[in-house]
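All chains are named by letter (A, B, ...) in the order of the sequence lines, taking the proteins before the strands, and each is independently numbered beginning at 1.
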Amino acid sequence: MDNMLKLESIHTFIGQFHILEGVSIEVPRQSITVLLGRNGAGKTTTLKSIIGLTPPRHGKVIFDGDEIQGKRAYDIAAMGIGYVPEHRAVFRNLSVLENLKIAEKKRGDLDRKSDFIFGLFPDLKRLYKLPGNHLSGGQQQMLAVARALVADNKLLLIDEPSEGLAPILIEQMMVAIKELSKTTTILLVEQNFIMASQLGDNYFIIDDGKTVKNGKMSELIKEEDVVKEYLGVSLGKSGGAK
Amino acid sequence: MIRRKSLRQILPGLVVILVILVLGILAYRFMGSESFIRTALSGLTLSALYFMVAAGLTIIFGLMDVLNFAHGAMFMTGAYMGWQFYTNPTFLFGLLPLVLAFVTGISTTGLWIPLVSQWKITEAWRKRLTAVLVVVALGIAVLGFLKFDLLGLADTAMVTAMNAGNPLAEATPQEVLATFWKRPLLLLISGLLLAISAARPGDDTQVISSNKKALPWVRLAALIGVTLAAVFLRESASIAVLKMNGTLRFLLALLVGAGVGAGLGSLIEVSLIRPLYARPFYIVLLTLGLGYVLREVIQVLWDPIAYSMDVPPLFAQPGKAENLLAWFTGHNLTINIAGVTFPSYRLFIIFLGGLMLLGLFVLMRYSRLGMIIRAGVQDRSMVEALGINVKAVFSVVFAIGVGLAALGGIGAAPFIPVTPNMGDAYQMQGFITVVIGGMGSYGGAGVGALLLGMARAFGDFLALKFNMSPAIAEASTVIVMIIVLLVKPSGLFGKKE
């Protein structure tokens, strides 16, 4: 089995709204797979459907050989999925240390991993006593990623890590994610196409709640019309982030 | 930047302390030292009681958005249970085997899941089966209580005062084991049936956790052991308790009150509140109704009369201690504090309130549970996405909150009349405290309780001084609330609206 995660045509409703209408994704082990698509296409909902916060009503979610659709979020997370939500949802009333500590799934997880984590994000080490709401946006984002690294997760779901970050921090975040992909599998949602194209091994495009296209990232970069049609991004021009 | 933010966080507290200080100095000048100290100490006593009720309310609301309108009734239940344990534990020990047997039955739910979830039955039959199981289980439970002399067990408390010389005069004989043994057995069966229905027969989508196989069996064995012990020690345990010295018995009564409260709290959360989290309005109605039910049940068992619990001997030796240190050797009824004679038991209440605040602080700040609660107040689903079962934490928090209220009830019992309605006024003040302090902040509840207690005590003093109606004093707490809400609509330390 070479896929860490496989979605088979999942359908997810939020209230009465049919948000995902057939999303199928395969995430190979030890790689970075990027979910692309316009705002509101259903990328975030896809991640939430995997982790079980918005459970899919139809379809299958297969993680490391087990069907996990319909299980509770905490059961799914405990099986080894780390979730980094959008908008840097760190716990504001908890200190940096507590934010990391709460993610322990076994006693001593943090002690074991702290060198690795602080090696990736040296800033956090200096700040570890501060409450979450005293951190800058970039620091919060790093904390949110770091939190997902405390437990031994086999798969990381990372939602828009570059959102609202200064270019220098984006650079740092990219280095960190690249480093992570050596030891774990990553499913990344990213609006910043430059970042996505540099990080991703494979890509899936979601449009209107359906997966419409997928393949190798190296090939997508050549297909200007596809990128323009589904992502609204013109290649070749400078920047072209959002 | 950082300094300004933290200043803003503690600012409300500073302002409140400043206001209390200024008012205090004014009052001191105006009232003279003796009546000032007396009033302030009364105020602190009230503050401690308000805090005991408000602390549970606020952490329950903070984490799960549940306004528990049965909190006052839980306060009252705690008082009755502790008082009953103190005067005549026969009732509790007589009931314990039945409760334990029932809980033992229900605790097997997890063990049934792998078995019954595989049953091949249709959706319609699944529903029918569950309904039938529940009805049969309740029927069997009723059968278990048939002709059980509950009233007789509870009926003894009135005579206590008259028989103070002979503590064992109260120990009523219980049903002999030869007829009693059926009752726990029936309740065990009833619990087992409920466990099967809770395991959702035929629903094969359930997760069967494979990593913790031994734990449920160990728990079951432990529960069976405790139940058997409770069956055989019914009489001797209650006699042993009655023979104990009064101080120890009182401290145990505090634990029993809090423990029964916590047990009741988790039972209510699991069985009644959990199915309704998606419908907050129903929860309000449910807890409101639950309060009435509890009051009526207590009234049936103990008659609608007011009891007074004796002040435990630790605080009841005749005479006056010259200072706090002297009290530790004399255990006198009153203590001289800066020229004011004050009942020592009320100082104990203040101490208990302070201890509770400290305990909550340590729990919230330094334990993993506290960390999860603080995180959950902000973002429950993210906590869940970290692999933490938030629903299980809900039960624990509800149990702690109700346990605190029940502890407050039994603490208050020796100096307020024990009646079915004793909790109502405290629930009202508890809610006002929570609103003032900010929903979800236990520290805010502490400051709010301090404000309210003082407002009430000094309001009473002023009303008496100027011959005003005592209603003014009762309104004083609401006036404080209005002022606070006008200045800060979310409460002093509140983040939620």
Side-chain angles (χ1 to χ4, degrees), chain A residues 15 47-48 50-55 66-95 97-107 109-110 127 129-136 144 147-148 150-153 157 159, chain B residues 1-10 59 62-63 110 113 117 200 203-212 274 278 364-394 438 440-444 493-496:
Chain A
L47 294 193
K48 285 188 173 175
I50 297 167
I51 192 78
L53 291 177
T54 58
D66 295 319
E67 285 190 24
I68 59 168
Q69 74 276 9
K71 293 192 182 188
R72 303 289 200 84
Y74 57 82
D75 280 330
I76 296 176
M79 294 175 79
I81 300 185
Y83 175 52
V84 182
E86 59 183 342
H87 311 310
R88 334 168 179 125
V90 300
F91 300 115
R92 292 188 296 271
N93 309 330
L94 271 58
S95 71
L97 187 66
E98 287 173 326
N99 260 290
L100 297 173
K101 198 103 183 148
I102 198 173
E104 282 190 339
K105 287 170 190 166
K106 290 194 300 281
R107 211 171 258 281
D109 270 347
L110 183 58
L127 303 166
K129 271 189 178 161
L130 282 185
N133 57 359
H134 288 185
L135 303 185
S136 71
R147 189 174 56 188
V150 173
D152 292 312
N153 288 319
L157 310 174
D159 201 348
Chain B
M1 184 71 189
I2 284 167
R3 187 177 290 165
R4 198 188 306 152
K5 268 187 183 166
S6 48
L7 182 68
R8 206 162 62 199
Q9 276 176 348
I10 57 169
I59 57 170
L63 182 65
I113 291 177
S117 62
R200 286 181 288 168
D203 179 2
D204 54 5
T205 62
Q206 299 181 75
V207 184
I208 299 160
S209 60
S210 50
N211 45 354
K212 286 179 254 169
R274 188 168 286 182
M364 295 295 260
R365 190 102 331 240
Y366 298 109
S367 75
R368 184 168 170 83
L369 178 68
M371 203 158 75
I372 293 171
I373 294 173
R374 277 183 292 143
V377 167
Q378 185 202 326
D379 188 347
R380 276 185 301 227
S381 56
M382 190 57 226
V383 175
E384 204 149 312
L386 290 173
I388 295 163
N389 184 351
V390 179
K391 285 281 162 60
V393 176
F394 279 13
S441 157
Y442 68 97
F493 298 92
K495 291 177 193 88
K496 290 192 173 191

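- Between B:A385 and A:A77, the closest heavy-atom pair is O-CB, 3.2 Å.
- Heavy atoms closer than 4.5 Å to chain B are found in both the backbone and the side chain of A:I102.
- Taking B:R368 as the reference, nothing meets the salt bridge (Lys or Arg N to Asp or Glu O under 4.0 Å) condition, with sequence neighbours excluded.
- Residue A:K101 touches chain B through both its backbone and its side chain, counting heavy-atom pairs closer than 4.5 Å.
- In terms of the side-chain contact (heavy atoms from CB on, under 4.5 Å) criterion, residue partners of B:L369 (sequence neighbours excluded) are, by chain and number, B:L363, B:S367, B:I373, B:V393, B:V396, B:I400.
- Between atom CD of residue B:E384 and atom CD1 of residue A:I76 there is a gap of 10.0 Å, rounded to the nearest 0.5 Å.
- The structure places OG of A:S95 at 7.5 Å from CZ of B:R374, a figure rounded to the nearest 0.5 Å.
- Remark: B:I388 CD1 to A:E104 CD distance equals 10.0 Å, nearest 0.5 Å.
- For the pair B:M371/A:F91, no side-chain contact is recorded, criterion being any heavy-atom separation below 4.5 Å from C-beta on.
- Residue contact with chain B, scored on non-hydrogen atoms closer than 4.5 Å, is absent for A:V150.
- For the atom pair CG (B:D379) and CG (A:N93), the distance works out to 11.0 Å, reported to the nearest 0.5 Å.
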